[in-house]
Amino acid sequence: MLITGASGGIGRALALLYAAPGVTLVLWGRNAQRLQETAAACRECRAHVLTREIDLADGKAAIIALRADDEATPCDTVILCAGLSDMKKTSEKTEQPEMVLELGLVNYATPAALTMAAAERMQARGGGAIALVGSVAAFHDLPFAAGYGGSKAGLARFASSARIALAPLGVRVSLIAPGFVDTAMSRRIVGPRPFLVTPENAARHIISAITENRAEVIFPWPFRVLRLIDKFTPRPLREAIMSRISADQKPR
Ligand SMILES: NC(=O)c1ccc[n+]([C@@H]2O[C@H](COP(=O)([O-])OP(=O)(O)OC[C@H]3O[C@@H](n4cnc5c(N)ncnc54)[C@H](OP(=O)(O)O)[C@@H]3O)[C@@H](O)[C@H]2O)c1
């Protein structure tokens, strides 16, 4: 099993839920200390743990790393959880172009490429499961987070297309779309985080999506309702509502 973003909130919770005697975990993260903390906690549960420090903004390096890790430890399940969020601060006129680029690479381009790299290897062994962690931000036009929402919308469309393409090869693809989860990422938000869930709760949703081979899991449930409302609201009304919504964040 390979988990990206294992040094962070949801990825760490996932690693800990899977950690057990006889289980091999390949954990990826960028921050060495946080990654080793996760690895140590998983080893306490007597899992066999391998780690890799990697910056997913470098997609080509990530593809090479996945092939190397899967060669050494064939992975039947890959959870692409790492992600980055950002929004326009109220003091700024536009989102930062460099950050919009990084969001596209880390949240969309690299996980999409890693999905195909993993699928290529899984199909040769008869199949496997891949979960892509997106966001409910994919389903709404967020004027203060076009870069984040756009990257997650791209991931959502990629996941639903790849699911159809890879099913005949025995590779199951699931998209996970969380609302607010209480991790370092959402703690940067200034203002309310409605329907907040714990990272452990999020991890349980992800595990059951994989076990049940679900195409898409949106949680908690009020975000499923919001998505439907958004879908059936006429564009002029939607734009009028969304243009009145603002948000802010604390520095990283
Ligand atoms: N928290 C929420 O409210 C929420 C809501 C919807 C969706 N999500 C999604 O859930 C996923 C996990 O987020 P989280 O809440 O657990 O946030 P988090 O605690 O900030 O963890 C993010 C993880 O992604 C890794 N990461 C970020 N940029 C990276 C890069 N360039 N290269 C490699 N790894 C990188 C981080 O690694 P380092 O710490 O080692 O840098 C960390 O392990 C993300 O895809 C996020 O978009 C979260």
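Indexing begins at 1, ligand by ligand and atom by atom, following the structure's order.
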Pull out every atom of ligand 1 sitting under 4.0 Å from any heavy atom of [X], numbered as shown with elements.
| X | answer |
| --- | --- |
| Tyr148 | 6 (C), 7 (C), 8 (N), 46 (C), 47 (O) |
| Asp55 | 30 (C), 31 (N), 32 (N) |
| Phe180 | 3 (O) |
| Gly8 | 19 (O), 21 (O), 42 (C), 43 (O) |
| Ile54 | 32 (N), 33 (C) |
| Val133 | 9 (C), 10 (O), 11 (C), 45 (O) |
| Gly134 | 7 (C), 8 (N), 9 (C) |
| Leu56 | 30 (C), 31 (N), 32 (N), 33 (C) |

Ring geometry between His205 and Phe219 (parallel below 30°, tilted from 30 to 60°, perpendicular above 60°):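 Taking His205 first and then Phe219, their aromatic rings lie parallel (interplane angle under 30°).
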Polar contacts were defined as any N/O atom of the residue lying under 3.5 Å from an N/O atom of the ligand; does this apply to [X] and ligand 1?
| X | value |
| --- | --- |
| Gly29 | no |
| Val136 | no |
| Gly11 | no |
| Pro178 | no |

Does [X] come within less than 4.0 angstrom of ligand 1, counting non-hydrogen atoms of the residue?
| X | answer |
| --- | --- |
| Gly179 | yes |
| Lys152 | yes |
| Trp28 | no |
| Val106 | yes |
| Ala202 | no |

Residue, atom name and distance, where the atom is the protein heavy atom closest to [atom]:
| atom | answer |
| --- | --- |
| atom 18 (P) of ligand 1 | Gly9 N, 4.0 Å |
| atom 39 (O) of ligand 1 | Arg34 NH2, 3.0 Å |
| atom 23 (C) of ligand 1 | Gly5 CA, 3.9 Å |
| atom 25 (C) of ligand 1 | Ala82 CB, 3.8 Å |
| atom 38 (P) of ligand 1 | Ser7 OG, 3.3 Å |
| atom 48 (C) of ligand 1 | Met185 SD, 3.7 Å |
| atom 14 (P) of ligand 1 | Thr183 OG1, 3.5 Å |
| atom 28 (N) of ligand 1 | Arg30 NH2, 3.4 Å |

same_hphob_cluster(Phe139, Ile245) at 4.5 Å side-chain heavy-atom cutoff: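 Per the 4.5 Å side-chain linkage, Phe139 and Ile245 are co-clustered.
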Val173 with Ile210, same ILVMFWY side-chain cluster at under 4.5 Å: no
Heavy-atom check, side chain of Ile79 versus side chain of Met1, under 4.5 Å: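 Yes, at least one pair of side-chain atoms sits under 4.5 Å.
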Student check: side-chain heavy atoms of Arg121 and Glu71 closer than 4.5 Å: yes
Spacing of CG belonging to Leu56 relative to CG belonging to Leu114, to within rounding of 0.5 Å: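 Here the rounded value is 6.5 Å.
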Reported CG-to-OG1 distance for the pair Leu66 and Thr110, which is rounded to 0.5 angstrom: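 Separation between the atoms: 11.5 Å.
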Pair Glu216 + Arg163: basic N to acidic O under 4.0 Å: no
Flag for Thr38-Arg12: side-chain donor and acceptor within less than 3.5 Å: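 Yes, because at least one side-chain N or O of Arg12 sits under 3.5 Å from a partner of the opposite role on Thr38.
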Side-chain donor-acceptor pair present, Thr90, Asp248, cut-off under 3.5 Å: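 Judged by distance alone, the side chains do pair up.
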For residues [X] and [Y], report the shortest heavy-atom separation together with the two atoms involved.
| X | Y | answer |
| --- | --- | --- |
| Leu27 | Ala15 | CD2-CB, 3.9 Å |
| Lys152 | Val133 | NZ-O, 3.1 Å |
| Asn107 | Gly83 | OD1-CA, 3.2 Å |
| Ser7 | Asn31 | CB-O, 4.1 Å |

Derivation of the salt bridge (Lys or Arg N to Asp or Glu O under 4.0 Å) call for Asp182 and Arg193: CA-CA 9 Å; Asp182 191 16; Arg193 294 178 293 163; 3.0 Å; yes
Residue selection (non-hydrogen contact nearest atom 45 (O) of ligand 1) among Cys81, Ala32, Ala138, Ala184: Cys81
